[in-house]
Amino acid sequence: SERIIKVFFQVHTELRYRILEKVYQKAYRIALRKAGLTVEEQVPINVYFQGEVVGEFLADMVVNDLILLELKSAGAIALEHEAQLLKYLKATRFEVGYVLNFGPSATLKRKVLDNELKGSLRWLKE
């Protein structure tokens with residue numbers, strides 16, 4: 001987590017604000033890999049209904065097969081962004097996730113959801 005956050009602030013400092021989210025994502029991926037981390041992008045998360053796949057989420061990034069990242073380029077982190085991350089955590093085996101906002105000031109929110117607590121969401125599973 002420490003390297004993920006450090007690299008986030010470095011990328012924000014270098015690129016500043018008012019760039020498309022996809023540009024931040026590409027730059028951040030490059031910087032994370034140069035920091036020695038493994039990065040997967042646009043990671044699919046299936047949505048199930050009565051045992052059948054009915055849709056799919058795409059998480060922006062997964063780092064070191066442990067931490068889920070949702071990137072934003074907005075004025076601020078909204079409750080909807082945090083809710084989105086929680087849905088992703090509930091639907092996967094990942095327990096830690098971050099919303100990272102490359103907005104006017106670099107901000108982040110960390111969410112932790114123990115796998116033991118995920119059983120109540122029956123319509124989502126990995």
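Heavy atoms only: backbone and side chains are in, while hydrogens, waters and symmetry mates are out. Values in this document were obtained by computation on a predicted structure and should not be read as measured data.
Note that CD of Gln10 is 12.0 Å distant from CD1 of Ile5, once rounded to the nearest 0.5 Å. For the atom pair OH of Tyr88 and CD1 of Ile45, the computed distance is 6.0 Å after rounding to the nearest 0.5 Å.
The hydrophobic cluster containing Ile4 also contains Phe9, counting ILVMFWY residues as joined when their side-chain heavy atoms lie under 4.5 angstrom apart, directly or transitively. By the rule that hydrophobic residues join a cluster once side-chain heavy atoms approach within less than 4.5 Å of another member, Val39 and Leu108 end up as members of one cluster. Note on Val112: it does not cluster hydrophobically with Val99, by side-chain heavy-atom contacts below 4.5 Å among ILVMFWY residues. Grouping the Ile, Leu, Val, Met, Phe, Trp and Tyr side chains by contacts below 4.5 angstrom, directly or via other members, places Leu37 with Leu100.
For Gln42, the CD atom is densely surrounded, since the number of other residues' heavy atoms within 6.0 Å is greater than 12.
Qualifying side chain to side chain donor-acceptor pair (under 3.5 Å) partners for Tyr98, counting only residues two or more places apart in sequence or in other chains: Ser1, Arg110. Applying the side-chain contact (heavy atoms from CB on, under 4.5 Å) rule to Lys26 yields the partners Arg29; only residues at least two apart in sequence or on another chain are considered. In terms of the side-chain contact (heavy atoms from CB on, under 4.5 Å) criterion, residue partners of Ala35 (sequence neighbours excluded) are, by chain and number, Val7. With sequence neighbours excluded, the residues satisfying ring pair (Phe, Tyr, Trp, His ring centres under 6.0 Å) with Phe102 are Phe8, Tyr24, Tyr28.
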Without placing hydrogens or testing angles, list every side-chain donor-acceptor pair under 3.5 Å for residues 55-77, not counting sequence neighbours.
from  : atom 1 : to    : atom 2 : distance (Å)
Asp60 : OD2    : Leu71 : N      : 2.7
Asn64 : OD1    : Thr38 : N      : 2.7
Asp65 : OD1    : Arg93 : NH2    : 2.5
Asp65 : OD2    : Arg93 : NH2    : 2.9
Glu70 : OE1    : Asp60 : N      : 3.4
Glu70 : OE2    : Gln84 : NE2    : 3.4
Lys72 : NZ     : Gln84 : OE1    : 3.0
Ser73 : OG     : Ile19 : O      : 3.2

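Here the side chain of His12 pairs a donor or acceptor atom with the backbone of Gly103 at under 3.5 angstrom.
Minimum interatomic distance between Leu85 and Lys111 (heavy atoms only, all atoms of both residues): CD2-CG, 3.7 Å.
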